[in-house]
Number of protein chains: 2
Amino acid sequence: MGRYDSLKLGNQLCFPLYASAREIVNLYHPHLRELDLTYTQYIAMMVLWERGEISAREVGKLLFLDSGTLTPVLKSLEKKGYITRSRSKEDERVLLVAPTDAGMALRERALEIPEKIGCAVRLTEEEAGTLYTLLYKILAALPEDE
Amino acid sequence: MGRYDSLKLGNQLCFPLYASAREIVNLYHPHLRELDLTYTQYIAMMVLWERGEISAREVGKLLFLDSGTLTPVLKSLEKKGYITRSRSKEDERVLLVAPTDAGMALRERALEIPEKIGCAVRLTEEEAGTLYTLLYKILAALPEDE
DNA sequence: AGCGATTTAATTGAACACAATCGAATTTGA
DNA sequence: TCAAATTCGATTGTGTTCAATTAAATCGCT
């Protein structure tokens, strides 16, 4: 063991984590292009498909994204006609976003994406489950701010 | 099982992978700030510490980064005085980068970073090993371009 | 009621990240 | 040999990503 072994790329968890995340996201791009969505717009739509009307703050919390990232994403989705943005009647500070009919229609076309990606990621069902569990363990253990 | 279950955030591996990668990288920022390095500059320096003089192309290959990302990173490291950039005598197209004395000195100060990060990521030795293996399995199975 | 603290998005600035393209240098192959 | 293809890096454009700040609205406390 050398004095600097801990600084080797091959010994740091952060590196394969960071690299594989980017590589996986890139796998989505060709499929998402057909839906005129970026990856970030896609995961935002996933929240809206599942939850319907929801506040921007909650979307950010679910996706671990702050307003600096989310604001332009939501504006872009509104511009494409996939969502509406409106202020809450009860609290004018709250931005409510909701999928439009066109936005909900996208869901149908998006259905084939997870299937295609699943084929490209060569893990067994069990491995994927283990990975999934470990990643959520990391996310859960992080110093949250709430 | 609903028709759209595959599109739920909670069923997609990409999501916790993407989110945890960003969160982990953010754990580095406060420590790296003391070294006047960004995370990308840090992993680039890790390659140079380990390999010494190396071509920009090889750095990009090791880090899974393309020239559009790497060019400004290497220029910035040169500006800080941590690396030199020069053209290969054998092939003028090749950009050689190498750590300076100041760059190598940084290594000493960087030693404590992996240790601190390790504490923040609440995984056992075994879990980290499993995660590591699965992530490299993903990276190895990706459609490479070479 | 009213003032200070808090909450929520939006904005700004710096740094990635990748696709697409370009230009220079080199290699290949007829 | 020499034109075509390839390689390598830089550049440009679009889209994140987060920190820090701002501004508006609301809440809480007296």
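Just so it is clear, the values below take in all heavy atoms, side chains as well, and ignore hydrogens, waters and symmetry mates. Convention: sequence-line order gives letters A, B, ...; per-chain numbering from 1. What you see is a predicted model; the values in this text were computed from it and never measured.
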| task | Could you encode protein contacts along nucleotides 8-15 of chain C as a string, one character per nucleotide from 5' to 3', using B for base contact, S for sugar-phosphate-only contact and - for no contact, with a heavy-atom cut-off of under 4.0 Å? | result | SSBB---S
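- When the P atom of C:dC16 is taken as reference, atom CG of B:Asn26 falls 13 Å away, rounded to whole Å.
- If you take CZ of B:Arg33 and C1' of D:dA19, they are 8 Å apart, rounded to a whole angstrom.
- Here D:dT16 presents its C1' atom at 17 Å from OH of A:Tyr28, a figure rounded to the nearest Å.
- Take A:Glu50 and apply the side chain to side chain donor-acceptor pair (under 3.5 Å) test, not counting sequence neighbours, and it matches no residue.
- A donor-acceptor contact closer than 3.5 angstrom is absent between the side chains of B:Ser6 and A:Glu115.
- Residue B:Glu125 holds its CD atom at 10.5 Å from OG1 of B:Thr130, rounded to the nearest 0.5 Å.
- Position along DNA chain C of the nearest nucleotide to B:Lys89 versus A:Arg22 favours A:Arg22 as the more 5'-ward residue.
- With sequence neighbours excluded, the residues that form a side chain to side chain contact (heavy atoms under 4.5 Å, CB included) with B:Tyr39 are A:Cys14, A:Tyr18, B:Val25, B:Tyr28, B:His29, B:Leu32, B:Tyr42, B:Ile43.
- Atom P of nucleotide D:dG15 and atom CG of A:Leu65 are separated by 16 Å, given to the nearest angstrom.
- Remark: A:Tyr4 OH to B:Arg107 CZ distance equals 6.0 Å, nearest 0.5 Å.
- Following rounding to the nearest Å, B:Leu63 (CG) and C:dC16 (P) show an atom-to-atom distance of 12 Å.
- Rounded to a whole Å, the NE2 atom of B:His29 is 15 Å from the C1' atom of D:dA20.
- What separates CZ of A:Phe64 from P of D:dT16 is a distance of 19 Å, to the nearest Å.
- With respect to the salt-bridge test (charged N to carboxylate O, under 4.0 angstrom), the residues A:Arg85 and A:Glu78 qualify.
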